[in-house]
Amino acid sequence: MTAPEFRTATSSAVAEPGAPVGALTGARLSDGRTLAADVALLALGAVPATGWLAGSGIEAAGGVPTDARLRALFPDGAVVPGVVAAGDAARVPQPLAGGAAPALGHWSGAVEQGAAAARTLLLGEAAPVFAEVPSFWSDVHGVRLRSVGLPALGDTVKVHECDREARRLEVSYHLDGRLVGALTIGRTSRLAAYRRALAEYAEYVAAQHA
């Protein structure tokens, strides 16, 4: 059995036709290489199930827009009375992203947002603004990947450790010199310091909008 292999920084450009018609024999990559294959798995992403909100006045085609306390917003930015949103179908401002609301799709974020939304329903304006640091983990081919922050925002990547034999990796991501995320493999304990630094910045930014 061939060992699994990751091909990064490329995408599948064309499925190689086979015989009979419709059979898969390989995939041509965007970098010009061709890989033999007889099975392909497509991961096309997700679309928020917000159709039931049609006619509500909330424009939620890409998710329900919220303010920093997870209160749903009308298109003009006004708060929808008594309505909060959390989870994959919510677009919650992220302090680390300068207030932008990227789609994250991690279950941990949905849990944290659910708790924050409940606080808003109970406390109203007295509820704290949402400033949790995004995170996720995944087990892939016997190693655990863990990440905090928003690595995709980075314009600079710093590799602090890359030990292939020990299967260890530590990478940090920076935007204009400011830490925005980190990723580790086999170095889970090192994420604590990154999380603290990101949380301090997120809380600082959130306080400006309290």
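- L73 is not connected to W52 by any chain of hydrophobic side-chain contacts under 4.5 Å among Ile, Leu, Val, Met, Phe, Trp and Tyr, and they are in different clusters.
- Of the possible donor and acceptor atoms, none in the side chain of T120 sits under 3.5 Å from a partner among the backbone N and O of A127.
- Contact annotation: the side chain of R144 never approaches that of S138 to less than 4.5 Å [non-hydrogen atoms, C-beta and beyond].
- Residues V180 and H174 are not in side-chain contact: their nearest non-hydrogen atoms beyond the backbone lie 4.5 Å or more apart.
- For the pair L183 and P151, the minimum side-chain heavy-atom distance is 4.5 Å or more.
- A donor-acceptor pair under 3.5 Å is formed between the side chain of S147 and the backbone N or O of A182.
- Contact check for Q94 versus P102: side-chain heavy atoms found under the 4.5 Å cut-off.
- Side chain of T10 to backbone of L29: no donor-acceptor contact under 3.5 angstrom is found.
- Under the 4.5 Å side-chain criterion, counting only non-hydrogen atoms from C-beta, I58 is in contact with V80.
- One finds no salt bridge joining R69 and D67 here, because no Lys/Arg side-chain nitrogen approaches an Asp/Glu carboxylate oxygen to under 4.0 Å.
- The residues E125 and R71 are annotated as salt-bridged, a charged nitrogen and a carboxylate oxygen being separated by less than 4.0 angstrom.
- Residues satisfying the side-chain contact (heavy atoms from CB on, under 4.5 Å) criterion with R190, sequence neighbours excluded, are E161, E170, R187.
- Side-chain contact check for L169 versus L145: every heavy-atom pair is 4.5 Å or farther apart.
- Under the 3.5 Å distance criterion, the side-chain polar atoms of R91 are matched with a main-chain donor or acceptor of D88.
- Counting only heavy atoms from C-beta outward, the side chains of Y173 and T156 never approach each other to under 4.5 Å.
- Looking at Q113, its side chain does come within 3.5 Å of a backbone N or O of G87 through a donor-acceptor pair.
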